[in-house]
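This report refers to the structure that appears directly beneath it.
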Amino acid sequence: MPELPEVETYRTYLNKTSLDQVVKKVSIRDDRVLEVDPKELKEAVEGKKFHSTQRHGKYVFVDLKGEFLILHFGMSGDLLYFEDLEEEPTHSRVLFSFEKGKYLSYISQRMFGKIYLTPSVEYFLKKKNLGPDALKMTYEDFLEALERRTAYAKTTLMNQDVIAGIGNIYSDEILFQSHIHPKTHINTLTDSQLREVFENIKKVLHYGIEKKGNLGEYSQKCLIPHRDQEDNCPRCGTQIQRLSVSSRHGFFCPNCQKA
DNA sequence: AGCGATGTTCGCCG
DNA sequence: TCGGCGAACATCGC
């Protein structure tokens, strides 16, 4: 279930469970999730350790000293650390077996997730043409990223080339908190609106990380628990509306978020 | 039983 | 050439 807060939660989980242990074996259960040759992946990881991790947008980079293993989770990815092979989850696609006898599964139900290998993080970010990380960017980075952009605000926030890390659900929340209609063109926002969007990106994502991406635990004051046409705006009680933006749907309050 | 899903990519269009 | 849009991708649960 991964946008930036979920991916950051997975990264923390990997850090807590899997660092500094020798990977004895990499078992590829389904090579469709690989964007790297299976043999190359095994050679790169077997006998090595996960030394540290970093995240950019929705990608996790695992430092193998010399190269980086990259985990991306698509729409249905997850990680599970476990002790007994019988506990291996249903949609485990790649299994890392540690020397200690424990395991880490890379799970991908719908196969939209991908595993890569790269010599350098910078090289990979450039190749993917990713914008600045939503949490690490400064206000100047943000303004620079928006230059020459004219698409809808929601589309722009979700565009990983512009800013990396925001997806469908969090873009709705950010625009709700900023009182901006999802179909407002990004280049028509005032300076104070831009400032507000920037602040809300940080607030909403930090809050998401605090909740470990657990959408069920979000405050009722957020739009997220009300992303439903049958529901009402937590601020003004107006019925929430659904709309389609760049072939995916979003929710907004027609009263609080005027066009 | 069909639709839709928290993502990315690619081809088409202006 | 660049930016934007929307379909396509693979699978499963509601």
Side-chain angles (χ1 to χ4, degrees), chain A residues 1-11 13 29-36 55-60 70-79 89-94 106-116 118 124-131 133-135 144-176 182-188 201 204-205 207-218 222-230 242-252:
Chain A
M1 2 141 74
E3 290 183 40
L4 190 152
E6 290 80 6
V7 174
E8 180 64 14
T9 305
Y10 299 163
R11 188 180 77 86
Y13 180 77
R29 305 297 195 210
D30 195 319
D31 63 12
R32 287 177 294 172
V33 299
L34 300 187
E35 286 290 315
V36 53
R55 184 194 50 71
H56 189 103
K58 303 171 191 171
Y59 295 86
V60 172
I70 304 175
L71 305 177
H72 182 268
F73 299 95
M75 297 227 275
S76 60
D78 205 347
L79 292 175
T90 317
H91 301 290
S92 169
R93 307 302 185 188
V94 176
Y106 167 84
I107 302 166
S108 183
Q109 185 188 82
R110 292 183 195 104
M111 303 290 185
F112 278 13
K114 287 285 176 280
I115 292 182
Y116 308 77
T118 188
F124 182 82
L125 298 182
K126 198 161 282 179
K127 200 176 70 183
K128 288 280 175 194
N129 200 28
L130 291 177
D133 178 78
L135 268 195
E144 193 184 328
L146 298 185
E147 274 173 24
R148 278 170 274 104
R149 297 290 174 172
T150 59
Y152 296 144
K154 180 172 170 63
T155 309
T156 308
L157 290 182
M158 290 194 299
N159 186 343
Q160 305 301 298
D161 297 356
V162 180
I163 298 166
I166 301 168
N168 196 26
I169 290 184
Y170 288 93
S171 65
D172 279 356
E173 187 67 44
I174 290 160
L175 291 171
F176 174 74
K183 285 197 170 186
T184 311
H185 286 274
I186 196 77
N187 54 316
T188 65
I201 288 172
V204 166
L205 296 178
Y207 181 75
I209 291 170
E210 196 184 306
K211 296 288 177 189
K212 299 184 166 30
N214 226 320
L215 299 179
E217 291 172 19
Y218 283 41
C222 297
L223 174 67
I224 286 176
H226 307 281
R227 291 179 89 258
D228 189 320
Q229 282 178 111
E230 304 300 304
R242 187 172 117 150
L243 84 175
S244 180
V245 179
S246 30
S247 67
R248 70 191 332 140
H249 31 309
F251 296 86
F252 72 106

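Letters A, B, ... mirror the listed sequences (proteins, then strands); counts begin at 1.
- Taking the salt bridge (charged side-chain N to carboxylate O under 4.0 Å, His left out) definition, one finds that R93(A) meets it with nothing, sequence neighbours left out.
- E217(A) meets the side-chain hydrogen bond (donor to acceptor under 3.5 Å, both in side chains) test with N214(A); sequence neighbours excluded.
- Under the ring pair (Phe, Tyr, Trp, His ring centres under 6.0 Å) criterion, F112(A) pairs with no residue at all, not counting sequence neighbours.
- Within the 4.5 Å cutoff, the side chain of Y218(A) has heavy atoms near those of the Y207(A) side chain.
- In this structure, Y59(A) and F124(A) have perpendicular ring planes: the angle between them is above 60°, well past the 30° mark.
- Atoms CG and OG1, from L79(A) and T9(A) in turn, are 11.0 Å apart once rounded to the nearest 0.5 Å.
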Pick out the pairs of N or O atoms, protein on one side and nucleotides 2-5 of chain C on the other, that lie under 3.5 Å.
from	atom 1	to	atom 2	distance (Å)
dG4(C)	OP1	T150(A)	N	2.6
dG4(C)	OP1	T150(A)	OG1	3.2
dG4(C)	OP1	A151(A)	N	2.9
dG4(C)	OP2	R149(A)	NH1	2.7

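- For R29(A), the side-chain hydrogen bond (donor to acceptor under 3.5 Å, both in side chains) partners two or more places apart in sequence, or in a different chain, are E88(A).
- Straight-line distance from the CD atom of Q160(A) to the P atom of dT6(B): 14 Å, rounded to whole Å.
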**OP:** Mark up nucleotides 9-14 of chain C, 5' to 3', with B wherever a protein heavy atom is under 4.0 angstrom from a base atom, S wherever such an atom reaches only the sugar-phosphate, and - elsewhere.
**Re:** BBBS--
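- Using C1' as the reference atom, dG13(C) and dT8(B) are 22 Å apart when rounded to the nearest Å.
- Y170(A) places none of its side-chain heavy atoms less than 4.5 Å from the side chain of M158(A).
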For nucleotides 9-14 of chain B, which of its nitrogen or oxygen atoms have a protein nitrogen or oxygen under 3.5 Å away, and what is each distance?
from	atom 1	to	atom 2	distance (Å)
dT9(B)	OP1	K128(A)	NZ	2.6

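- Distance, I169(A) CD1 to dG4(B) P: 16 Å, rounded to whole Å.
- Atom-to-atom, CZ of R242(A) to P of dC3(B) comes out at 13 Å; the value is rounded to the nearest Å.
- On the C1' atoms, dC3(B) is 16 Å away from dA7(C), given to the nearest whole Å.
- Between H249(A) and dG4(B), a side-chain N or O to OP1/OP2 separation shorter than 4.0 Å is absent.
- Qualifying side chain to side chain contact (heavy atoms under 4.5 Å, CB included) partners for T188(A), counting only residues two or more places apart in sequence or in other chains: T184(A), H185(A).
- Side-chain contact check for H91(A) versus D78(A): every heavy-atom pair is 4.5 Å or farther apart.
- When the C1' atom is used for both dG6(C) and dG4(B), the distance is 16 Å, rounded to whole Å.
- We find that CD of E3(A) is positioned 9 Å from C1' of dG7(B), with the value rounded to whole Å.
- If you take CZ of F73(A) and C1' of dA5(B), they are 18 Å apart, rounded to a whole angstrom.
- For K58(A) and dG7(B), the shortest distance from a side-chain N or O to OP1 or OP2 is below 4.0 Å.
- Every residue meeting the salt bridge (charged side-chain N to carboxylate O under 4.0 Å, His left out) condition with R11(A), not counting sequence neighbours, appears here in chain and number order: E8(A).
- In this view, K154(A) and N168(A), S171(A), D172(A) satisfy the side-chain hydrogen bond (donor to acceptor under 3.5 Å, both in side chains) rule, not counting sequence neighbours.
- Applying the ring pair (Phe, Tyr, Trp, His ring centres under 6.0 Å) criterion to F252(A), with sequence neighbours excluded, gives H181(A).
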Subject >> Pair assignment for DNA chain B - dot-bracket with | for other-strand partners, Watson-Crick or G-U under 3.5 Å >> reply: .||||.||||||||
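- dG6(C) atom P lies 12 Å from atom CG of L243(A), rounded to whole Å.
- Atom pair L125(A):CG and dT8(B):P shows a separation of 13 Å (rounding to whole Å applied).
- The NZ atom of K212(A) sits 18 Å away from the C1' atom of dT6(B) (whole-angstrom rounding).
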**OP:** Would you sort out whether K128(A) and Y116(A) count as a side chain to side chain donor-acceptor pair (under 3.5 Å), showing the intermediate values?
**Re:** CA-CA 12 Å; K128(A) 288 280 175 194; Y116(A) 308 77; 3.1 Å; yes
